[in-house]
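Single-structure report; data block below.
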Amino acid sequence: MAGKDDILTRSAIDDALAKLPDWRYRLGGLVTVYKCPTSAAALELIAAVGRIAEQQNHHPDLDWRYNRVFIRYTSHDSGSEVTQRDIRAATSASEAAAEAGAVAEPEATP
């Protein structure tokens, strides 16, 4: 579990995002949208992100719209701020999305 001391500064978040082109910082969290080839592929990506969440014991907010998967990471136990766990999880989710043939559309995040 993270604590208040694990919260990343905005500068640290920006540095991490330089290596995570699929992601944006919005409203206190790391967010992205992945467009999958099909609705079934979107569900497979959700399942892959779910497996990652269980392995890392860090669970995102997910939203599914036909062939798009919206993902948001924050560390709820750190006051819903961004921590290094969010960076690791976003990196793993990006890898799973690439394997699923999904295309990032981070500009489509609310």
Side-chain angles (χ1 to χ4, degrees):
M1 295 188 101
K4 292 284 186 187
D5 294 338
D6 298 314
I7 296 170
L8 298 179
T9 64
R10 181 57 198 260
S11 177
I13 293 168
D14 290 341
D15 289 347
L17 288 174
K19 299 172 192 159
L20 290 168
D22 294 359
W23 296 83
R24 300 293 183 268
Y25 178 76
R26 300 257 198 294
L27 301 173
L30 301 182
V31 297
T32 195
V33 177
Y34 285 108
K35 181 180 180 185
C36 299
T38 64
S39 182
L43 288 170
E44 290 173 16
L45 176 56
I46 290 169
V49 170
R51 286 188 293 276
I52 291 165
E54 288 299 305
Q55 291 167 354
Q56 296 181 359
N57 192 29
H58 192 55
H59 302 80
D61 297 326
L62 292 170
D63 191 6
W64 169 46
R65 300 281 189 259
Y66 179 62
N67 66 339
R68 285 180 171 78
V69 178
F70 296 73
I71 307 173
R72 183 174 192 273
Y73 282 104
T74 62
S75 292
H76 302 289
D77 56 352
S78 292
S80 294
E81 298 285 344
V82 175
T83 67
Q84 192 60 42
R85 287 187 305 151
D86 300 302
I87 303 300
R88 281 191 300 272
T91 300
S92 297
S94 290
E95 292 166 359
E99 290 175 16
V103 175
E105 296 180 337
E107 61 283 345
T109 59

Handout entry: Criterion side chain to side chain contact (heavy atoms under 4.5 Å, CB included) on Gln84 and Leu8, from CA distance to verdict
Key = CA-CA 7 Å; Gln84 192 60 42; Leu8 298 179; 4.2 Å; yes
Exercise for the section: Carefully, step by step, assess Ile13 and Glu81 under the rule side chain to side chain contact (heavy atoms under 4.5 Å, CB included). Expected result: CA-CA 11 Å; Ile13 293 168; Glu81 298 285 344; over 6 Å; no
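Between Arg72 atom CZ and Ser80 atom OG the span is 7.0 Å, to the nearest 0.5 Å. Here the straight-line distance linking atom CG of Leu17 with atom CG of Leu30 works out to 6.0 Å at 0.5 Å rounding. From Leu20, atom CG reaches atom OH of Tyr25 across 15.0 Å, with rounding to the nearest 0.5 Å. Note that the CG atom of Asp15 and the OG atom of Ser11 stand 4.5 Å from one another [nearest 0.5 Å]. The CG atom of Leu27 sits 11.0 Å away from the OG1 atom of Thr74 when rounded to the nearest 0.5 Å. To the nearest 0.5 Å, atom OG of residue Ser78 and atom CZ of residue Arg85 are 6.0 Å apart.
Ring orientation note: the planes of Tyr34 and Trp23 are nearly perpendicular, at an angle over 60° on the 30°/60° scale.
Closest approach of Ile52 to Ala96, counting heavy atoms only: CD1-CB, 3.9 Å. Taking every heavy atom of both residues into account, Gln56 and Ser92 meet most closely at NE2-OG, 2.9 Å. Between Ala16 and Ile87, the closest heavy-atom pair is CB-CD1, 3.5 Å. The two residues Pro37 and Ala100 make their nearest non-hydrogen contact at CD-O, 4.0 Å. The minimum heavy-atom distance linking Trp64 with Ala42 is given by the pair NE1-CB, 3.7 Å. Closest approach of Asp86 to Val82, counting heavy atoms only: OD2-CA, 3.3 Å.
At a threshold of 4.5 Å between non-hydrogen side-chain atoms, the residues Thr38 and Asn67 do not count as touching. Phe70 places a side-chain heavy atom less than 4.5 Å from the side chain of Arg68.
Distance alone, capped at 3.5 Å, is enough to place a donor-acceptor pair between the Ser39 side chain and the Tyr66 backbone. Arg24 contributes a side-chain N or O that, together with a main-chain N or O of Pro21, makes up a donor-acceptor pair within less than 3.5 Å.
Among residues two or more places apart in sequence or in another chain, the side chain to side chain donor-acceptor pair (under 3.5 Å) test is passed with Arg51 by none.
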